[in-house]
Amino acid sequence: MARPGRNDPCPCGSGNKYKKCCLLKEEAVEREQFAKAEARRTESAAAYRLHLREAKAAIAARLFGAEDTHDDELTIASNAAADLVRAGKLDEAEQAARDLLTRFPEVHVGYDRLGMVHEARGENRQAADCYRRVIAFIREHPDDYDPGFEDMFIKLVNRLDPPVAT
């Protein structure tokens with residue numbers, strides 16, 4: 001059945017014009033369906049990118065030897081957590097960040113990603129606490145980080161949890 005014109009009588013039988021009755025409801029349903037389809041496409045694209053990264057890491061590990069596998073796994077897991085944050089899947093992102101903390105305790109990335117999750121949720125104080133842990137980690141391992149890397153996290157902390165003026 002063809003869609004009625006805006007000024008035609010509404011097919012629901014209300015006696016009102018279509019634009020005053022069911023048009024807005026149908027457009028809202030269409031927008032919701034479009035948003036859901038877009039979310040599915042975004043999720044699918046993120047999953048595909050993750051799959052490609054994993055395949056690339058596996059190929060690189062075979063080509064360059066197993067010693068680089070640990071770094072590749074870290075990069076993949078870290079990027080996956082960040083992708084989940086960007087996709088708004090914050091519960092999954094939090095779990096991924098906690099997995100990073102467990103699997104890779106020798107790097108700062110788990111706290112960084114957990115801070116991103118809290119920041120996305122609007123939990124600024126918790127995010128700042130995570131970033132403070134990153135700063136502490138950087139200070140404990142100064143030879144592993146470029147000068148100035150710490151400054152980025154200090155700025156984040158100051159923005160999210162500014163010091164109280166006395």
Of all the heavy-atom pairs spanning Asp8 and Pro4, show the shortest one and how long it is.
OD2-C, 3.8 Å

Does a sphere of radius 6.0 Å around NZ in Lys155 hold more than 12 heavy atoms from other residues, nucleotides or ligands, not counting ones at 6.0 Å or beyond?
no

By side chain to side chain contact (heavy atoms under 4.5 Å, CB included), which residues pair with Asn158, not counting sequence neighbours?
Ile154, Pro163

Minimum heavy-atom separation for Arg103 to Ala77, with atom names?
NH1-CB, 4.1 Å

Using 0.5 Å steps for rounding, measure from the CZ atom of Arg40 to the OG atom of Ser44.
10.5 Å

Is any side-chain heavy atom of Arg159 closer than 4.5 Å to one of Asn124?
no

Working note: Lys17 + Arg6, criterion side-chain contact (heavy atoms from CB on, under 4.5 Å); need CA distance, chi angles, decisive distance, verdict.
CA-CA 7 Å; Lys17 289 184 179 184; Arg6 290 176 48 81; over 6 Å; no

Linked, directly or transitively: Leu101 and Val109 (ILVMFWY side chains, under 4.5 Å):
no

Minimal non-hydrogen separation, Ala128 against Val157, with atom names:
O-CG2, 3.7 Å

Does Arg132 have more than 12 heavy atoms from other residues, nucleotides or ligands lying within 6.0 Å of its CZ?
yes

Atom of Ala96, atom of Ala81 and distance for their closest heavy-atom approach
CB-CB, 3.8 Å

Nearest heavy-atom neighbours spanning Val117 and Leu90
CG1-O, 3.8 Å

Within the 4.5 Å heavy-atom criterion, are Lys19 and Asn7 side-chain neighbours or not?
yes

CE of Met116 to CG of Leu156, rounded to nearest 0.5 Å, is 10.0 Å

Heavy-atom closest pair (Asp112 atom, Val134 atom, distance to 0.1 Å) is N-CG2, 3.6 Å

Could you please spell out the steps behind the side-chain contact (heavy atoms from CB on, under 4.5 Å) verdict for Asn79 and Leu50?
CA-CA 8 Å; Asn79 289 341; Leu50 178 60; over 6 Å; no

Tell me the ring pair (Phe, Tyr, Trp, His ring centres under 6.0 Å) pairs involving residues 123-145, sequence neighbours left out?
His108-Tyr145, Tyr131-Phe153, Phe137-His141, Tyr145-Phe149

Does the side chain of Tyr18 pick up a donor-acceptor pair with the side chain of Glu26 at under 3.5 Å?
yes

Indicate whether the side chain of Glu123 and that of His118 have a donor and an acceptor atom separated by less than 3.5 Å.
yes

Check whether any side-chain heavy atom of Pro11 lies under 4.5 Å from a side-chain heavy atom of Cys22, and answer yes or no.
no

Run Glu38 and Arg41 through salt bridge (Lys or Arg N to Asp or Glu O under 4.0 Å) and show every step you take.
CA-CA 5 Å; Glu38 187 63 28; Arg41 280 191 294 275; 2.6 Å; yes

Please list, chain by chain and in numerical order, all residues satisfying side-chain hydrogen bond (donor to acceptor under 3.5 Å, both in side chains) with Arg98, sequence neighbours excluded.
Glu94

CD1 on Ile138 to CG on Asp144, rounded to 0.5 Å:
10.0 Å

Is it the case that the side chain of Asp83 and the backbone of Ala80 share a donor-acceptor pair, with hydrogens and angles ignored and the cut-off at 3.5 Å?
no

Do Asp91 and Gln95 have a side chain donor and acceptor closer than 3.5 Å?
no

Full working for side-chain contact (heavy atoms from CB on, under 4.5 Å) between Lys36 and Arg31:
CA-CA 9 Å; Lys36 286 180 182 178; Arg31 280 191 302 274; over 6 Å; no

Separation between CG of Leu114 and CG of Asp99, rounded to the nearest 0.5 Å:
11.5 Å

Is Glu43 close to Lys89 at the side-chain level, that is, under 4.5 Å between some pair of heavy atoms?
yes

Distance col, row Leu160:CG vs Asp129:CG, nearest 0.5 angstrom, shows 10.0 Å

Keeping the roles fixed (side chain from Arg113, backbone from Ser78), state whether a donor-acceptor pair exists under 3.5 Å.
yes

